[in-house]
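First up is the structure itself, then whatever we jot down about it.
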There are 2 protein chains.
Amino acid sequence: MFGNNKSILYFAITLVSVENTITKSSRIREKRKSSKIVKELNKYISVDCVIFGFDYDNLNVLLVDRTLNNDVNGEVLFSDMTLTGNHIYEDEKIEDAASRVLFDLTGLEGIYLEQFKTFANPDRISKPNDRAWLLNDGRDPNKRIVSIGFFALLATQDVTLEWKGRNVKWVPVNEVKELAFDHNDILDEALIALRNKLLQEPIGFELLPDKFTLSQLQKVYEIILGTELDKRNFRKKVARMKYLIPLDEKQKGVAHKPARLYMFSCDVYENTRKDIFGFIV
Amino acid sequence: MFGNNKSILYFAITLVSVENTITKSSRIREKRKSSKIVKELNKYISVDCVIFGFDYDNLNVLLVDRTLNNDVNGEVLFSDMTLTGNHIYEDEKIEDAASRVLFDLTGLEGIYLEQFKTFANPDRISKPNDRAWLLNDGRDPNKRIVSIGFFALLATQDVTLEWKGRNVKWVPVNEVKELAFDHNDILDEALIALRNKLLQEPIGFELLPDKFTLSQLQKVYEIILGTELDKRNFRKKVARMKYLIPLDEKQKGVAHKPARLYMFSCDVYENTRKDIFGFIV
DNA sequence: GCAAAAGTGTTCGGAGTACACCCATGT
DNA sequence: ACATGGGTGTACTCCGAACACTTTTGC
C-alpha cells in the first residue's frame, strides 16, 4: 500500500527449517470439571463467548437452550437460546473468565480467543423474556450489565459438549433465529470481527484440526468471506505462506484421491511477522 | 486476496458527480457546557477516550494533569497525567458517554469515535498513586473498574481546550511518559487499533481540517504507519480513490507553490463501499 | 468403470516500487 | 535570486484473476 520500500500488507518471508517448528499448542482433550475455588461473582460484568465451530460444511456457533418454567406448575413460560457466557469472579482477569467459559463447555484449553467488542447499553435487557429470566435468577433487570464479547475458533469435531446439565448445540450461523438479550447483535459483530481478522492474519486453520487439507482451508475462507475462490490461485497463494507446512501424510478412507495434509507453524509465522513489525515501527 | 472474481480488499469504484456529494458532517464549533441532567453516575464503569490530534508534524494525544494534594497542608503528594475519560450515567449509552467526554473537552460534535477495546483486569488499579487517588475521590480501590476504550480523531487546530478547570494538553505520542492506571497500555492498544483501521479504511482525513492538501494526508499515513511513502506513488493511489475530491481552491499564504485542496466525500465512499459488501455477503 | 475430489500452468491486466526534475509562491 | 514544498511520468516486477484437464482413490 502506498509504497516506498516494501508493502506493509505483504509478509516478508524468511526460511526456517521445518525441524525447528512447533505447531499450535496441543490441546488438552481430557475433560475435568473446572477446579475454580468458589469466590464472589460479579453479577453485572459478564463475558460472552461467541464460539465458532467449523465442520467442513458450515460455520456454526455454539448456543445454549434457555427455558424458563413457571415456579408453581412447571409450565414452560418461554424457551429460546443464548450465546455462551458467564459472570466473572471478583479477582479474575477477563481473558481468564473467557477461557474458563470455554473450558467448562468443551474441556479444551489453548483455544484461539479474542476480545472483539463490549456491549453495555442500558437497553440491552429490555425484552420481557430477558427481564423475567434475570428476575428468576436473582438479578435486577434495571441494572446495567456489561458484556465483554470474545470470539473463539475451533473445529467442531474436536469437541464433545457438556455444560452444567444445560443443553448446548451447534447452529449454523445463517440459521440462527432470534436470540436472548442483544445476542443477535453480538453475533453479528463477532462475524464482522472474524472476517476482518481473517483478512489480516492467518487464523483460518484455527477452525480446523491440527492436520488439514488445502481444500478444507479454502472452504474456511469461502464460507467466512462468503465468496468463491479459485483452487489454483488459492494454492499458489498458500505456497507463498511458508508457515503452512506440507506433511508427508495423506488423508485416509476417502472415496477419491487422498489429499496431502498440512499444518500451521506458529513458530515460522511469528518469526516472519517480526520482520514486518520491525520495519513498520 | 485469494482470488476469484474481484479482490475483496480492493475498492470497486463507481462514478458519482461531484455536485451530489456531501462532506463529513460539519462540526459544531460553538462551545457550550454539557446540558446533561444530573443523574446517577456508575462509579465502576467508565469510558476512556484516547483523543488523537494531528498538527502536521506529530500525532498527539490529549492528556489531563492529575495532581493529588495533601488535605491538611496542601503539599503535592504526586502529579502525573491520565487519558481523558469519565464515568457513565446509569441510563446512558456508552457511545453517548464517549461523545459527551469529547464534547465537554472540545465543544465538538460529530467527531470520529470508535470503541477499540475494554480494560477490566483487577490489577489495573494496583499502583499506590492510583489507589490514593481513588480513595480521595470516594471510590473503593479494591473494586474492579471496567474501562471501555474509545479512540477519537481530530485536527489539533480545530480545537481549543477546556475541561472543568483541569489542565489538559496535547502530547506527541512518542513523548508520553508513565501515565496513571494502565493508561499506557490503553494508549498502546489504541495506536495498534488506529494503525489497523487506517490500513483498512480511509480515515486519515479525520485527523485533518475539512479541506486539506495531499502532502498533509500523506504525512498522516507516514507518521501513523511509521514509514516513508513516495510522493508520486501516493498521489497515483489517491487518484484511484474517487471519494477524495479535488477542489478548485488552493492554499494561501505559504512561501512556496500553493497546494490544491481536497475534501473527503463520505457520500461517494459509502456508495462505492456498498458494492463491495454486496459482493462479499 | 465411474464418481469425486486432488492436483497442476499459462496468459493478461493492474498495482506496487523505484526514481529526478521543473514550477509557483513568499521573502 | 533563492528557498520551499508542489506537482508530474516511466519502466519493471509481482500479484490477482480467469480458465480446463489429468490423477488417484473407494465403491
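Throughout, a chain's letter reflects where its sequence line sits, starting with A, and its residues are numbered from 1. Everything quoted here is computed from the prediction, not taken from an experiment.
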Round to a whole Å and report the spacing from [atom1] of [X] to [atom2] of [N].
X: A/Leu261; N: C/dA5; atom1: CG; atom2: C1'; value: 14 Å
X: B/Leu229; N: C/dA18; atom1: CG; atom2: P; value: 11 Å
X: A/Lys252; N: C/dA5; atom1: NZ; atom2: C1'; value: 19 Å
X: B/Leu217; N: D/dG5; atom1: CG; atom2: P; value: 18 Å
X: A/Lys231; N: C/dA5; atom1: NZ; atom2: C1'; value: 7 Å
X: A/Gln218; N: C/dA6; atom1: CD; atom2: P; value: 9 Å
X: B/Phe234; N: C/dA18; atom1: CZ; atom2: C1'; value: 18 Å
X: B/Leu214; N: D/dT8; atom1: CG; atom2: C1'; value: 13 Å

Polar side-chain contact B/Lys237-C/dG16 base: donor and acceptor under 3.5 Å: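 Counting by modelled atom types and ignoring angles, no donor-acceptor contact under 3.5 Å is found here.
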Say whether [X] and [Y], considering side chains only, have a donor N or O and an acceptor N or O under 3.5 Å apart.
X: B/Gln157; Y: B/Tyr56; answer: yes
X: B/Tyr243; Y: B/Glu270; answer: no
X: B/Asn184; Y: B/Glu178; answer: no

Side chain of B/Gln216, backbone of B/Leu208: donor and acceptor closer than 3.5 Å? no
Go through the structure and list residues passing side-chain hydrogen bond (donor to acceptor under 3.5 Å, both in side chains) with B/Lys250, not counting sequence neighbours.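 So B/Lys250 forms no side-chain hydrogen bond (donor to acceptor under 3.5 Å, both in side chains) with any residue.
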Once side-chain hydrogen bond (donor to acceptor under 3.5 Å, both in side chains) is applied, do any residues pair with A/Lys117, and if so which ones, sequence neighbours excluded? A/Glu189
Pick the nucleotide of DNA chain D nearest each of B/Tyr262 and B/His256; which residue has the one closer to the 5' end? B/His256
Close N or O pairs between protein and nucleotides 9-12 of chain C (under 3.5 Å):
unit_1: C/dT10; atom_1: O4; unit_2: A/Lys236; atom_2: NZ; d: 2.9

Between C/dG7, C/dT25, D/dT24, which nucleotide has the shortest distance from any of its atoms to the side chain of A/Ala259? C/dG7
Sugar-phosphate, base or nothing in reach of A/Arg235, heavy atoms under 4.0 Å: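 Base, at least one base atom sits under 4.0 Å.
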Working to the nearest 0.5 Å, report the span between OG1 of A/Thr213 and NZ of A/Lys211.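 One gets 13.5 Å once the value is rounded to the nearest 0.5 Å.
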Is the phosphate of D/dG5, meaning OP1 or OP2, less than 4.0 Å from a side-chain N or O of B/Ser215? no
Any side-chain N or O of B/Arg260 under 4.0 Å from OP1/OP2 of D/dG5? no
Judged by each residue's nearest nucleotide on DNA chain C, which is more toward the 5′ side, A/Lys257 or B/Lys250? A/Lys257
